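Treat the numbers as computed from the prediction; the structure is a model and nothing was measured.
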Amino acid sequence: MTGIAQKTIIFNDKGEILAIRRSGTDPHRPLTWDLPGGELEIGEDPKEGMLREIKEEVAIDVKNLQLFDIDGRFNAKNEYRVGICYKAEAASTDVILSYEHDQFEWITKEEFLKRESSAKLMKYISQL
């Protein structure tokens with residue numbers, strides 16, 4: 001099975017990154033820090049899927065959505081996973097979180113790298 005997960009590093013006008021924390025009930029890495037994104041649906045245009053996920057998770061608009069990184073690897077269940085990361089600028093900063101996340105903060109790259117998150121997200125952020 002192959003899956004495609006997408007994330008976006010969203011910057012505000014101060015150059016800070018939107019970090020969101022997974023809720024305590026999340027089955028994957030609860031209470032760890034995340035970036036907006038999610039699974040690409042079969043047949044969905046990748047950029048349209050990313051914009052959909054941003055709206056669902058944080059309810060903001062973005063501009064200048066650009067591909068930043070892409071990688072592929074096998075996970076612990078031996079499933080091949082493709083990860084796509086974008087960068088974008090926040091067109092609004094009135095974040096409204098979905099049930100999947102319980103906190104958000106606009107933070108620096110250095111602050112994000114001090115938080116608990118996935119290795120994949122740490123790789124993306126460290127490349128900024």
Side-chain angles (χ1 to χ4, degrees):
M1 178 179 155
T2 301
I4 300 173
Q6 301 193 109
K7 297 291 182 178
T8 298
I9 302 167
I10 301 173
F11 296 93
N12 65 14
D13 58 4
K14 297 177 188 172
E16 296 167 319
I17 298 164
L18 177 59
I20 53 179
R21 192 177 79 165
R22 292 173 176 267
S23 70
T25 58
D26 193 306
H28 306 287
R29 298 184 320 278
L31 303 177
T32 62
W33 289 88
D34 198 5
L35 297 170
E39 294 291 319
L40 183 64
E41 296 176 2
I42 294 175
E44 188 173 31
D45 175 81
K47 284 191 173 184
E48 287 177 14
M50 187 69 262
L51 294 171
R52 174 187 53 77
E53 285 286 352
I54 292 168
K55 274 294 203 187
E56 288 175 7
E57 291 191 350
V58 295
I60 63 170
D61 293 314
V62 297
K63 56 187 178 183
N64 301 323
L65 183 69
Q66 299 175 18
L67 181 64
F68 176 63
D69 192 7
I70 186 167
D71 64 9
R73 68 182 75 179
F74 286 94
N75 66 13
K77 298 176 185 175
N78 207 33
E79 300 166 327
Y80 189 70
R81 305 285 297 161
V82 174
I84 301 173
C85 185
Y86 299 90
K87 292 191 308 186
E89 300 167 33
S92 61
T93 55
D94 297 327
V95 174
I96 300 171
L97 294 173
S98 74
Y99 69 94
E100 297 172 291
H101 298 90
D102 65 3
Q103 288 183 34
F104 77 91
E105 289 182 60
W106 292 95
I107 60 176
T108 66
K109 166 188 171 177
E110 293 76 21
E111 289 171 318
F112 192 99
L113 292 172
K114 292 177 184 173
R115 308 245 172 136
E116 187 177 352
S117 187
S118 72
K120 180 174 62 175
L121 296 186
M122 293 303 220
K123 175 189 161 236
Y124 295 150
I125 298 297
S126 67
Q127 290 176 177
L128 291 172

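To the nearest 0.5 angstrom, Ile125 atom CD1 is 10.0 Å from Thr108 atom OG1. For the atom pair CD (Glu100) and OG1 (Thr25), the distance works out to 9.5 Å, reported to the nearest 0.5 Å. Note that CG of Asp71 is 4.0 Å distant from OH of Tyr124, once rounded to the nearest 0.5 Å. The distance from the CD1 atom of Ile17 to the NZ atom of Lys87 is 10.0 Å, given to the nearest 0.5 Å. Here the straight-line distance linking atom NZ of Lys123 with atom NZ of Lys120 works out to 9.5 Å at 0.5 Å rounding. Atom CD1 of Ile9 and atom CG of Leu18 lie 11.5 Å apart (nearest 0.5 Å).
Side-chain atoms of Ser117 come within 3.5 Å of backbone N or O of Trp33 as a donor-acceptor pair. A donor-acceptor distance shorter than 3.5 angstrom exists from the side chain of Lys109 to the backbone of Leu128, with no hydrogens or angles considered. A donor-acceptor contact shorter than 3.5 Å links the side chain of Gln6 to the backbone of Pro46. Not one N or O on the side chain of Ser92 forms a donor-acceptor pair closer than 3.5 Å with the backbone of Asp94. Under the 3.5 Å distance criterion, the side-chain polar atoms of Arg29 are left unmatched by any main-chain donor or acceptor of Arg22.
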Glu39 and Arg81: CA distance, side-chain angles, deciding distance, salt bridge (Lys or Arg N to Asp or Glu O under 4.0 Å) verdict: CA-CA 10 Å; Glu39 294 291 319; Arg81 305 285 297 161; 2.4 Å; yes
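Cluster membership for Leu31 and Phe104, using ILVMFWY side-chain heavy atoms within less than 4.5 angstrom, is not shared. Under the 4.5 Å side-chain contact rule for hydrophobic residues, Val62 and Leu40 share a cluster.
Taking all atoms of both residues into account, the shortest heavy-atom contact from Ile107 to Ala19 is CD1-CB, 3.7 Å. When all heavy atoms of Gly24 and Asp102 are compared, the pair lying nearest together is N-OD2, 4.3 Å. Here the closest non-hydrogen pair linking Tyr80 and Gly72 is OH-CA, 3.4 Å. Taking each heavy atom of Ser126 and Leu113 in turn, the nearest pair found is N-CD2, 4.1 Å.
Screening Val95, Leu35, Ile20, Leu97 for a side chain to side chain contact (heavy atoms under 4.5 Å, CB included) with Glu57, the sole residue that qualifies is Ile20.
Using a 4.5 Å heavy-atom threshold, the side chains of Thr8 and Leu51 count as separate. At a threshold of 4.5 Å between non-hydrogen side-chain atoms, the residues Asp34 and Lys7 count as touching. Ile10 is listed as a side-chain neighbour of Ile60, based on a closest heavy-atom distance under 4.5 Å. Looking at Ile96 and Val58, their side chains never come closer than 4.5 Å, going by heavy atoms from C-beta outward. For the pair Glu111/Glu105, no side-chain contact is recorded, criterion being any heavy-atom separation below 4.5 Å from C-beta on. With a 4.5 Å cut-off on side-chain heavy atoms, Met50 and Glu53 count as touching.
In this structure, the side chain to side chain contact (heavy atoms under 4.5 Å, CB included) partners of Lys55, at least two apart in sequence or on a different chain, are Asp61. Contacts of Lys77 classified as side chain to side chain contact (heavy atoms under 4.5 Å, CB included), with partners at least two apart in sequence or in another chain: Asn75, Glu79. By the side chain to side chain contact (heavy atoms under 4.5 Å, CB included) test, Ile70 is found to be paired with Val82, Ile84, residues two or more places apart in sequence or in another chain being considered.
The six-membered or imidazole ring of Phe68 lies away from that of Tyr86, with a centre-to-centre distance of 6.0 Å or more.
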